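To start, the structure itself, in structure tokens.
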Amino acid sequence: MPRPDLARRGLAEGLAAFALVFAGCGAIVADEVYGGQLGSVGVALAFGLVIMVMVYATGHLSGAHINPAVTLAFTLTRHFPAREALAYGGAQVAGAVCGALLLLAAWPDEPAHLGATVGALAYQLVRGESPREAPG
């Protein structure tokens with residue numbers, strides 16, 4: 001079977017990144033909106049299941065890197081051609097941004113951090129609290 005052209009493989013990577021951000025971060029937002037009904041396990045399952053589905057759906061086309069860090073790692077270890085890494089990375093970033101923008105359109109009031117990890121110290125500093133103060 002001949003290898004698909006770079007445009008088709010890039011499209012597969014973009015679609016997979018879109019699905020990961022939309023479904024995974026969407027689960028975080030839905031969990032926040034519906035009072036924690038999904039919980040940590042439900043959010044983790046959403047991320048894991050979407051990865052599984054995207055590997056099955058796009059793995060035969062592009063290798064299902066899905067994440068620019070994976071593409072970069074494969075490139076640096078010479079398991080992936082450097083000349084194709086930029087196209088993959090660009091498609092992955094574009095897909096992820098489209099997924100985030102669609103979530104923002106669905107929930108314009110930003111009910112959750114859309115998957116952003118915020119450490120306790122950083123949270124206190126952003127709120128203007130002293131790191132020694134107890135929250136709440």
Side-chain angles (χ1 to χ4, degrees):
M1 178 178 189
R3 188 173 184 194
D5 64 351
L6 184 58
R8 186 175 175 134
R9 289 181 283 140
L11 183 64
E13 287 294 318
L15 176 67
F18 170 84
L20 178 63
V21 169
F22 184 72
C25 296
I28 293 170
V29 174
D31 186 55
E32 182 73 23
V33 168
Y34 297 111
Q37 292 294 311
L38 287 176
S40 297
V41 173
V43 171
L45 280 172
F47 274 103
L49 290 173
V50 83
I51 287 288
M52 181 190 70
V53 168
M54 288 296 105
V55 167
Y56 278 112
T58 66
H60 66 286
L61 295 171
S62 66
H65 298 184
I66 303 173
N67 184 329
V70 174
T71 301
L72 179 63
F74 281 144
T75 303
L76 292 176
T77 58
R78 300 187 181 168
H79 289 26
F80 189 71
R83 66 183 179 277
E84 296 179 3
L86 189 60
Y88 267 47
Q92 292 159 346
V93 169
V97 167
C98 287
L101 289 174
L102 188 57
L103 283 176
L104 188 59
W107 284 293
D109 57 338
E110 299 180 33
H113 293 290
L114 294 178
T117 302
V118 180
L121 177 61
Y123 185 73
Q124 286 176 337
L125 292 174
V126 168
R127 292 186 59 198
E129 299 174 0
S130 168
R132 295 176 193 254
E133 292 177 27

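Since the structure is predicted, the reported quantities are computational estimates derived from the model, not experimental observations.
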Taken to the nearest 0.5 Å, the spacing of Asp5 CG from Leu61 CG works out to 10.0 Å
So CG of Asp31 and OG of Ser40: to nearest 0.5 Å the spacing works out to 7.5 Å
Under 3.5 Å, is there a donor-acceptor pair between the side chain of Glu13 and the main chain of Ile66?
yes
Shortest non-hydrogen contact between [X] and [Y], atoms and distance:
{"X": "Ala91", "Y": "Gly10", "answer": "CB-O, 3.1 Å"}
{"X": "Cys25", "Y": "Leu103", "answer": "CB-CD1, 3.6 Å"}
{"X": "Val93", "Y": "Pro68", "answer": "CG2-CG, 4.0 Å"}
{"X": "Ala19", "Y": "Val50", "answer": "O-CG2, 3.6 Å"}
{"X": "Ala82", "Y": "Thr75", "answer": "CA-CG2, 3.7 Å"}

- Query: Taking side chain as C-beta onward, heavy atoms only, is Leu20 less than 4.5 Å from Met54?
  - Reply: no
So Leu102 and Phe18, do their side chains get closer than 4.5 Å, heavy atoms only? yes
Geometric class of the His65/Tyr88 ring pair [parallel <30°, tilted 30-60°, perpendicular >60°] | tilted
Quick one: do [X] and [Y] end up in the same hydrophobic cluster if we chain Ile, Leu, Val, Met, Phe, Trp and Tyr together by side-chain heavy atoms under 4.5 Å apart?
{"X": "Val21", "Y": "Val97", "answer": "no"}
{"X": "Val41", "Y": "Leu38", "answer": "no"}
{"X": "Leu6", "Y": "Phe74", "answer": "yes"}
{"X": "Met52", "Y": "Leu45", "answer": "no"}
{"X": "Leu15", "Y": "Val55", "answer": "no"}

- Item | Leu86, CG: over 12 other non-hydrogen atoms inside 6.0 angstrom | no
Taken in chain and number order and not counting sequence neighbours, the residues that satisfy side-chain contact (heavy atoms from CB on, under 4.5 Å) with Ala46 are Ala27
